[in-house]
Amino acid sequence: GGNAGAFALTSGDLSIAAGASDTIDMTCTRALTAQSSTLTCTENDSDSTDSLRSWPVSCPVGTPVPTPEYSSVPSPGGTIDCSGAPASTTTGTLTITNTGITGTGSDLTYSCTEPPTANFTIISGGSGTVTVGNTAQVQIQCLTPATADDPDNTDVLACTTNDTGGTDGIDESAVSYNLVAGVLVGLPPEREASVIPVSSLWSKLMLIGLLLGLGGVALSLRRH
């Protein structure tokens with residue numbers, strides 16, 4: 001509970017003989033604010049009616065250790081939706097921010113793996129280094145289905161980082177995102193510009209009309 005990620009046990013299970021004593025050892029990673037949580041242990045003392053015992057634990061404000069902290073939009077496990085018009089090429093974006101504590105060793109490094117299907121391609125920002133307080137963007141090119149009746153194109157974007165605990169105590173060294181490219185109802189499909197060939201029927205009719213008009217002008221001049 002509380003700031004559980006700031007605390008870590010360094011001693012394992014204890015076996016204490018009758019009349020003896022022992023200690024439960026733990027560490028605390030200090031931060032810009034005081035950290036507190038609850039230590040809960042299972043006790044198998046047959047003379048006790050309590051099988052669980054709890055103690056409050058805390059550590060004061062300290063100088064935090066410089067560390068990277070991975071943050072993203074969408075959050076890890078979320079969806080990057082790049083739906084658009086039928087049979088179109090769209091772009092999805094993953095925004096990565098380093099919200100860690102500045103200092104030596106606080107740079108965030110990340111690398112994202114190309115999705116296995118051809119419907120999604122990383123076009124920029126697939127890997128990089130982000131200093132504390134700054135952001136990076138991973139741009140993904142997406143291909144939408146041919147029609148709204150076709151199923152959405154889906155895949156997974158997987159990334160690795162050097163955030164093994166950061167400031168929140170959560171291991172984000174491996175994160176992933178769902179990729180979705182569907183058809184938005186109401187948008188027309190992308191079309192190439194239409195070009196009327198010179199040899200088309202309409203072109204031929206216009207040419208015939210022009211020639212007839214010129215012939216009429218020439219005949220009029222002769223009569224005058």
Side-chain angles (χ1 to χ4, degrees), residues 1-12 25-33 35-37 59 62-84 88-145 151-184:
N3 309 114
F7 298 89
L9 288 172
T10 56
S11 58
D25 301 318
M26 60 193 314
T27 61
C28 175
T29 302
R30 295 184 176 184
L32 298 176
T33 58
Q35 304 294 293
S36 63
S37 191
C59 62
T63 301
V65 177
T67 183
E69 177 59 46
Y70 182 88
S71 177
S72 68
V73 178
S75 301
T79 298
I80 300 173
D81 192 333
C82 43
S83 299
S88 63
T89 300
T90 60
T91 303
T93 302
L94 169 65
T95 301
I96 298 172
T97 304
N98 183 355
T99 59
I101 299 172
T102 189
T104 303
S106 64
D107 287 354
L108 174 70
T109 60
Y110 72 93
S111 179
C112 298
T113 303
E114 189 84 15
T117 63
N119 294 321
F120 301 92
T121 306
I122 296 175
I123 55 177
S124 66
S127 62
T129 299
V130 186
T131 57
V132 173
N134 290 304
T135 63
Q137 288 190 331
V138 182
Q139 298 287 336
I140 303 132
Q141 180 177 281
C142 317
L143 299 179
T144 65
D152 294 347
N153 292 331
T154 60
D155 211 321
V156 174
L157 176 69
C159 305
T160 57
T161 82
N162 63 336
D163 178 3
T164 57
T167 59
D168 58 7
I170 300 175
D171 185 347
E172 294 177 304
S173 57
V175 294
S176 62
Y177 305 86
N178 299 311
L179 298 172
V180 176
V183 172
L184 297 178

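The model shown is predicted, which means the values in this text are computed figures rather than measured ones.
Put simply, CD1 on I123 and OG1 on T89 are 10.0 Å apart, with the number rounded to the nearest 0.5 Å. Summarising the geometry, atom OG1 belonging to T167 is positioned 6.0 Å from atom CD1 belonging to I101; distances are rounded to the nearest 0.5 Å. With values rounded to the nearest 0.5 angstrom, M26 atom CE is found 7.5 Å from S37 atom OG. Distance CZ/F120 to CD/Q141: 11.0 Å, rounded to 0.5 Å. Distance check, rounded to the nearest 0.5 Å: CG of D107 to OG1 of T129 gives 6.5 Å. Distance check, rounded to the nearest 0.5 Å: CG of L108 to CD of E172 gives 9.5 Å.
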Evaluate the side chain to side chain contact (heavy atoms under 4.5 Å, CB included) criterion for residues V156 and L179: first the C-alpha distance (whole Å), next the side-chain angles of each, then the deciding distance (0.1 Å), finally the verdict. CA-CA 5 Å; V156 174; L179 298 172; over 6 Å; no
Candidate pair L157 and L94, rule side chain to side chain contact (heavy atoms under 4.5 Å, CB included), full reasoning: CA-CA 10 Å; L157 176 69; L94 169 65; 4.0 Å; yes
Begin with the C-alpha distance, continue with both residues' side-chain angles, and end with the deciding distance and a verdict on side chain to side chain contact (heavy atoms under 4.5 Å, CB included) for I80 and V180. CA-CA 6 Å; I80 300 173; V180 176; over 6 Å; no
Intermediate values then yes/no, side-chain hydrogen bond (donor to acceptor under 3.5 Å, both in side chains), T144 and S88: CA-CA 5 Å; T144 65; S88 63; 3.2 Å; yes
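T90 contributes a side-chain N or O that, together with a main-chain N or O of C82, makes up a donor-acceptor pair within less than 3.5 Å. With D152 contributing its side chain and T154 its backbone, the two residues share no donor-acceptor pair below 3.5 Å. S72 places a side-chain N or O within donor-acceptor distance of the main-chain N or O of P74, the cut-off being under 3.5 Å. Side-chain atoms of D163 never come within 3.5 Å of backbone atoms of E69 as a donor-acceptor pair (strictly under, hydrogens ignored). Listed for the S176 side chain is no donor-acceptor partner under 3.5 Å among the backbone atoms of A158.
Y70 is not listed as a side-chain neighbour of N98, based on a closest heavy-atom distance of 4.5 Å or more. When side chains are defined from C-beta on, T99 does not count as touching V132, because their heavy atoms never get closer than 4.5 Å. The side-chain heavy atoms of P145 and N153, taken from C-beta on, include a pair separated by under 4.5 Å. Side-chain atoms of D25 and L9, non-hydrogen and from C-beta on, never get closer than 4.5 Å to each other.
D171 and S173 form a side-chain donor-acceptor contact under 3.5 Å, judged by distance and modelled atom types alone.
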Under 3.5 Å, sequence neighbours excluded: what are the donor-acceptor pairs made by side chains of residues 109-119?
| from | atom 1 | to | atom 2 | distance (Å) |
| --- | --- | --- | --- | --- |
| Y110 | OH | G125 | O | 2.9 |
| E114 | OE2 | I122 | N | 3.2 |
| T117 | OG1 | D155 | OD2 | 2.5 |

